[in-house]
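Here's the structure we're looking at; comments come further down.
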Amino acid sequence: MGNVADNLARLEERICAAAERAGRARSGIKLVAVTKTVSAERVNEAIDAGITAIGENRVQEARDKWPFLKGEVERHLIGRLQRNKAGKAVELFDMVESVDRPALAEALSKRALNAGRKLPILVEVNISGEASKAGVEPSALRGLIEEVADLPGIQVQGLMTIGPMTGEEGIIRGAFRELRRIADELSCETPPGMEMKWISMGMSGDFEIAIEEGANIVRVGSAIFGDRN
Ligand SMILES: *Cc1c(COP(=O)(O)O)cnc(C)c1O
C-alpha cells in the first residue's frame, strides 16, 4: 500500500508538473483525497501530510468514519445519492459534487434551508455517454441547471464528470476537453443563480490529462492510499 505521506509527495510532483505543462498555477487546483474504503487511521495520515479536502462516495461510510478524523478538512460527496439521504448529506458534507437530477437538487435545497445553510453543489455530467455512468446528458445540462439554480438552499458552482473507462488517452482527453468547453460556455451565458467556478474531473488514472484540460478539482484515491482491491 505504501506510505501515505510518500504517495502524496509523489502525487504533488505530478500535479505540479501537469499544471506547469498547462501554464497553470498549482494553487488554482484543489486536490480532493478520495477516502472510500480507507480507514480513518490512514485518512488521518493524509490529513497530517497536508490534505485539506476529502471525498466520500457514501453517506453511511462518512457517518461511520468521520467521528474518528482529527483536523478540519473540507468534505465532498462524490457518489450517487438517494433523495432520502439528502438530510444526512447536508449534515455531513460541505459540497455535493454528484447532483444529476432536479428531484435530488430540490431535496438537498429543502434540507439545507432547514439547516440554515446554502449548500454548494456541482452538476454531474455524463460526458462519455456510457450507460453505466451517472450524470445528466450534456444536451439536458442547461435545462437542468436552469431548473435548479434558483433553489434557495443550494448554489450551483460548477460541473463534475468521471472520465471514460478506457486506456486511450485521446478519448479521455476529448471527454475532458468537451466538459471544459461546456463549462466555458456556461461561464459566458451563466443561468441566473449559478456560479461557474469548479470543473471537477480527473482521478488517479487520468488527473494529469484533466489538469491539462482545465480541471480545478481533481479527485484522487488510489494514488494516495493504494489499490482498493
Ligand atoms: C473512487 C472515485 C474517485 C477516485 O478514484 P481513484 O481511481 O482511486 O483515484 C474519484 N471520483 C469518484 C466519483 C470516485 O468514485
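Just so you know, ligand 1 is whichever comes first in the structure, and atom 1 is the first atom listed for that ligand. Nothing fancy with the numbering, it's 1 onward along the sequence.
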Indicate every side-chain donor-acceptor pair of residues 84-95 with a distance under 3.5 Å to a residue at least two apart or in another chain.
{"residue": "K85", "atom": "NZ", "partner": "Q82", "partner atom": "OE1", "Å": "3.2"}
{"residue": "D94", "atom": "OD2", "partner": "R75", "partner atom": "N", "Å": "2.7"}

Original post:
Is there any ring-ring contact (aromatic ring centres under 6.0 Å, His included) pair reaching into residues 178-206, and which pairs are they, with sequence neighbours excluded?
Top reply: none
**OP:** Considering only NZ, NE, NH1 and NH2 on the basic side and carboxylate oxygens on the acidic side, decide whether R177 and E213 come within less than 4.0 Å.
**Re:** yes
Find all protein N or O atoms under 3.5 angstrom from an N or O atom of ligand 1 and list the pairs with distances, or write 'none'.
{"residue": "ligand 1", "atom": "8 (O)", "partner": "S222", "partner atom": "N", "Å": "2.8"}
{"residue": "ligand 1", "atom": "8 (O)", "partner": "S222", "partner atom": "OG", "Å": "3.0"}
{"residue": "ligand 1", "atom": "8 (O)", "partner": "R228", "partner atom": "NH1", "Å": "2.7"}
{"residue": "ligand 1", "atom": "8 (O)", "partner": "R228", "partner atom": "NH2", "Å": "3.2"}
{"residue": "ligand 1", "atom": "9 (O)", "partner": "S204", "partner atom": "N", "Å": "2.9"}
{"residue": "ligand 1", "atom": "9 (O)", "partner": "S204", "partner atom": "OG", "Å": "2.5"}
{"residue": "ligand 1", "atom": "9 (O)", "partner": "G221", "partner atom": "N", "Å": "2.8"}
{"residue": "ligand 1", "atom": "11 (N)", "partner": "R219", "partner atom": "NE", "Å": "2.9"}
{"residue": "ligand 1", "atom": "15 (O)", "partner": "K36", "partner atom": "NZ", "Å": "2.6"}
{"residue": "ligand 1", "atom": "15 (O)", "partner": "N57", "partner atom": "ND2", "Å": "2.8"}

Original post:
Any side-chain donor paired with an acceptor under 3.5 Å for R111 and N114?
Top reply: no
Subject >> Qualifying residues under side chain to side chain donor-acceptor pair (under 3.5 Å), relative to E178, sequence neighbours excluded >> reply: R181
Original post:
Between E61 and K36, is there a salt bridge with N-O shorter than 4.0 Å?
Top reply: no
